J.: 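I'd like to ask some things about the structure below.
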Amino acid sequence: MAEQLGKVYLVGAGPGDIAYLTLKADKLLSNAEVLVYDALVDGQLLQCIPPDCLKINVGKRGGQPSTPQAEINKLLVKYCQQGKQVVRLKSGDPFIFGRSTSEIEALKTAGCYFEVVPGISSALAAPLFAGIPLTDPVMSRCFAVFTAHEPDALDWEALSRLETLVILMGGQHLAEILYRLLRQGRTRSTPIAIIRWAGTGQQEIWTGTLDNILEQTSGVSLSPVVIVIGEVVGLRSYLQPEKISLADFSVDNALHPKTMPTTQPSSTPSTQLPLSNKTILVTRAAGQSSQFTQLLTASGATVIEMPTLEICPPSSWEGLDNAIANLSDFHWLILTSTNGIDYFFERLFAQGKDARALAEIKIAVVGEKTAKSLNQRCLQPDFIPPNFVADSLVENFPEELTGKKILFPRVESGGREVLVKELTVKKAEVIEVAAYQSCCPKSVPPSAELALQSGNVDIITFASSKTVQFFYQLAEKIYSENTQDNQSSGVADALKEVCIASIGPQTSKTCRSLLGRVDVEADEYTLDGLTEAVIKWATNS
């Protein structure tokens with residue numbers, strides 16, 4: 001058998017947010033066997049790689065420890081020679097101050113195959129996010145991009161004559177940059193913009209002049225930043241769309257962008273949106289849709305998804321299969337989750353039946369999402385409790401429960417015992433059958449683990465008690481690794497500065513039990529309601 005040939009892809013990750021990753025880069029990440037990545041790469045990109053991909057963080061962040069370039073070169077050669085598909089993921093574009101030349105020389109010397117995949121450079125994207133054009137027929141007929149990492153190596157006399165300057169890696173040397181330009185004749189009134197964390201939910205922008213920008217940014221860590229100097233900075237106020245207010249924003253608008261005001265910013269700073277500068281960790285079931293993430297992102301948040309439970313078949317289908325075989329014995333079918341619906345209909349179809357088998361049985365559902373899932377199967381529920389919680393189902397049940405036989409497909413363990421108890425008190429006969437089971441994932445996505453370890457999370461959202469329970473188990477492992485005595489009792493303490501947001505009372509109860517508190521609870525127990533509650537908290541905090 002021929003020896004497998006490895007290949008190294010030098011890939012540009014773009015300016016920050018995963019939304020600006022190219023399609024080719026996304027495909028390469030999904031097939032990577034080894035990932036060698038820089039510190040400035042968006043953590044969400046780590047969710048694109050296969051679970052068994054080897055991840056190597058080489059740092060490359062200004063002023064912080066990082067792997068020596070020679071060692072990075074050796075890593076790329078080593079794994080390529082082992083026949084691996086290696087992705088060398090770089091912030092921005094690989095050939096814009098990415099030190100790719102050194103890596104390519106090492107690969108060529110070793111006879112390794114390689115390919116360079118372009119990315120959007122922050123030098124071009126950051127001014128765009130800030131509403132600043134780099135060229136203009138009158139104000140800027142050219143622009144120069146350079147790094148100020150070594151100010152003494154630059155020809156400041158030549159640079160000062162150019163109309164527009166774009167400077168990378170200049171945050172630590174801002175005072176020196178201003179001094180050099182003023183010394184070469186640039187006026188103190190020359191406009192300047194500083195864009196930090198361009199294209200992410202953490203984006204911030206300062207605008208001023210060479211005379212006053214230092215005062216504006218005093219005490220601020222300017223990393224990572226892109227600096228734009230020139231008269232085109234003054235066009236920002238004319239070319240930016242108008243800001244939207246919280247009154248203009250609604251969850252419905254987030255779900256249906258066409259209903260947003262025509263002045264909604266598409267490439268303007270996220271500081272205009274209610275969740276700007278907020279990093280939200282969304283706990284959810286593995287494999288579920290990211291509609292909630294889309295809601296939060298549309299509100300300006302940086303979202304990190306953390307699957308905290310996995311859904312799988314029950315240990316036995318016997319109970320559910322027997323119940324489906326005798327559906328005519330039941331008066332009501334109660335469905336409390338989309339998972340319950342999915343597995344119920346899977347077994348219904350497995351017996352050669354379809355929705356017509358439910359013609360003589362009434363259906364009650366708990367929750368708006370559950371009702372929509374049923375609608376997708378061309379069925380309308382006969383009853384939906386008004387408050388989207390199981391307790392409300394018994395309180396508002398539309399008919400006398402005495403003598404009614406109820407089929408309740410549910411999670412195998414840890415489900416809604418209170419619901420069954422209350423139905424039984426009302427003298428209904430409840431037949432519980434396991435339709436699925438939930439368990440704790442074995443691992444945490446690297447992006448979520450890194451965010452929790454570094455304290456870079458403002459809000460954690462929980463949409464069920466199980467997500468709280470399994471999050472707690474996973475967080476115990478993360479935080480115990482950072483303690484000398486290896487004790488895992490510090491989860492609540494580690495999250496004391498983080499907002500805990502719950503979808504409803506039962507979830508809140510579990511939050512208080514395990515995490516010690518709840519800071520936000522949705523008024524309406526839906527993802528829309530949870531989004532509204534989080535926005536309200538953020539705008540009032």
Side-chain angles (χ1 to χ4, degrees), residues 311-438 463-466 503-507 524-526:
I311 304 299
C312 53
S315 57
S316 171
W317 289 118
E318 183 178 358
L320 181 56
D321 285 348
N322 287 338
I324 290 174
N326 297 282
L327 280 174
S328 59
D329 294 344
F330 296 95
H331 299 95
W332 281 88
L333 169 64
I334 293 181
L335 299 166
T336 59
S337 72
T338 57
N339 294 317
I341 287 181
D342 291 340
Y343 282 103
F344 176 83
F345 278 92
E346 178 182 321
R347 300 312 296 175
L348 185 75
F349 298 149
Q351 293 192 24
K353 300 181 179 182
D354 56 27
R356 290 173 294 181
L358 301 172
E360 301 302 322
I361 186 172
K362 294 181 180 179
I363 304 175
V365 300
V366 174
E368 198 173 61
K369 282 187 67 178
T370 313
K372 288 180 179 178
S373 181
L374 191 66
N375 292 156
Q376 289 172 0
R377 291 167 172 81
C378 300
L379 289 170
Q380 292 288 341
D382 296 281
F383 174 56
I384 307 175
N387 294 327
F388 306 120
V389 289
D391 297 353
S392 178
L393 185 143
V394 180
E395 280 183 31
N396 298 279
F397 208 78
E399 63 182 40
E400 176 65 39
L401 283 163
T402 302
K404 294 294 188 293
K405 191 171 183 179
I406 298 174
L407 175 58
F408 182 20
R410 49 168 279 180
V411 65
E412 186 165 342
S413 61
R416 302 180 183 273
E417 285 79 7
V418 174
L419 174 60
V420 176
K421 182 179 178 180
E422 292 185 359
L423 288 169
T424 304
V425 168
K426 297 282 188 178
K427 299 183 179 181
E429 181 185 357
V430 183
I431 306 300
E432 300 176 77
V433 292
Y436 63 96
Q437 61 178 324
S438 58
S464 72
S465 289
K466 276 292 180 69
I503 200 169
Q506 291 301 317
T507 304
E524 180 183 284
Y525 312 140
T526 65

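No hydrogens, no waters, no symmetry mates; every other heavy atom, side chains included, goes into these values. Residue numbers run from 1 in the order of the sequence given. Quantities reported herein were computed from a predicted structural model and do not represent experimental measurements.
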J.: Among all residues two or more places apart in sequence or in another chain, which pass the side-chain contact (heavy atoms from CB on, under 4.5 Å) test with S373?
T.: T338, I341, D342, R377
J.: Ignoring hydrogens, what is the shortest heavy-atom contact between N375 and P381? Give both atom names and the distance.
T.: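 Here N375 and P381 meet closest at ND2-CD, 3.8 Å.
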J.: Only one of K404, E399, E400 passes side-chain hydrogen bond (donor to acceptor under 3.5 Å, both in side chains) with T402; say which it is.
T.: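 Passing option: E400.
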J.: Applying side-chain contact (heavy atoms from CB on, under 4.5 Å), can you list everything that pairs with T424, at least two apart in sequence or on another chain?
T.: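 Result, side-chain contact (heavy atoms from CB on, under 4.5 Å) vs T424: V420, V430.
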J.: What is the distance from atom CG of L333 to atom NZ of K362, rounded to the nearest 0.5 Å?
T.: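 L333 atom CG to K362 atom NZ measures 13.5 Å (nearest 0.5 Å).
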J.: Walk me through it: do L335 and I363 pass the test side chain to side chain contact (heavy atoms under 4.5 Å, CB included)?
T.: CA-CA 8 Å; L335 299 166; I363 304 175; 4.1 Å; yes
J.: What residues, two or more places apart in sequence or in another chain, satisfy side-chain contact (heavy atoms from CB on, under 4.5 Å) together with K426?
T.: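 In terms of side-chain contact (heavy atoms from CB on, under 4.5 Å), with neighbours along the sequence ignored, K426 is linked to V394, L401.
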J.: First locate atom NZ of K405, then atom CD1 of I431, and finally report the distance between them rounded to the nearest 0.5 Å.
T.: 5.0 Å
J.: Does F397 have any ring-ring contact (aromatic ring centres under 6.0 Å, His included) partners at least two apart in sequence or in another chain, and if so, which?
T.: W332, F383
J.: Specify the closest pair of heavy atoms between I503 and S464, including all atoms of both residues, with the distance to one decimal.
T.: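 Distance-wise, the nearest heavy atoms are CG2-N, 4.4 Å.
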J.: When you compare the side chain of F330 with that of F408, does any pair of heavy atoms fall below 4.5 Å?
T.: no
J.: Treating Q437 as the side-chain partner and P313 as the backbone partner, does any N or O pair qualify as donor plus acceptor under 3.5 Å?
T.: yes
J.: Any non-hydrogen side-chain atom of N322 less than 4.5 Å from a side-chain atom of V433?
T.: no
J.: Start with the C-alpha gap between S315 and E412, add the side-chain angles, then the distance that decides, and say whether side chain to side chain donor-acceptor pair (under 3.5 Å) holds.
T.: CA-CA 8 Å; S315 57; E412 186 165 342; 2.6 Å; yes
J.: Any heavy-atom pair between the side chains of L374 and F345 that's under 4.5 Å?
T.: yes
J.: Quick one: pull up CD in E429 and CG in L423 and give me the separation to the nearest 0.5 Å.
T.: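 Atom-to-atom, E429:CD and L423:CG are 12.0 Å apart.
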J.: Donor-acceptor pairs under 3.5 angstrom involving side-chain atoms of residues 348-358: please list them, not counting sequence neighbours.
T.:
| residue | atom | partner | partner atom | Å |
| --- | --- | --- | --- | --- |
| Q351 | NE2 | D321 | O | 2.9 |
| K353 | NZ | I324 | O | 2.9 |
| D354 | OD1 | R356 | N | 3.0 |
| D354 | OD1 | R356 | NE | 3.1 |
| D354 | OD2 | R356 | NE | 3.2 |
| D354 | OD2 | R356 | NH2 | 2.8 |

J.: Apply the side chain to side chain contact (heavy atoms under 4.5 Å, CB included) test between L393 and each candidate in T336, I384, V365, V366; give the one that qualifies.
T.: V366
J.: Sorted by first residue and then second, give each ring pair (Phe, Tyr, Trp, His ring centres under 6.0 Å) pair with at least one member in residues 350-369; sequence neighbours left out.
T.: none
J.: Which pair of non-hydrogen atoms, one from R347 and one from L320, has the smallest distance, and what is that distance?
T.: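 Minimum heavy-atom separation between R347 and L320: CG-CD2, 3.5 Å.
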J.: Give a yes or no answer on whether the side chain of S465 reaches the backbone of Q506 with a donor-acceptor pair at less than 3.5 Å.
T.: yes
J.: Might you point out which heavy atoms bring A434 and P314 nearest each other, and give the distance in Å?
T.: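 Shortest heavy-atom separation between A434 and P314 comes out as O-CG, 3.7 Å.
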J.: If you look at every heavy atom in S337 and Y436, which pair is closest and at what distance?
T.: OG-OH, 3.1 Å
J.: For residues R410 and L419, determine if any side-chain heavy atom of one lies less than 4.5 Å from a side-chain heavy atom of the other.
T.: no
J.: To the nearest 0.5 Å, tell me how far I311 CD1 sits from N339 CG.
T.: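 So the CD1 of I311 and the CG of N339 are separated by 4.0 Å.
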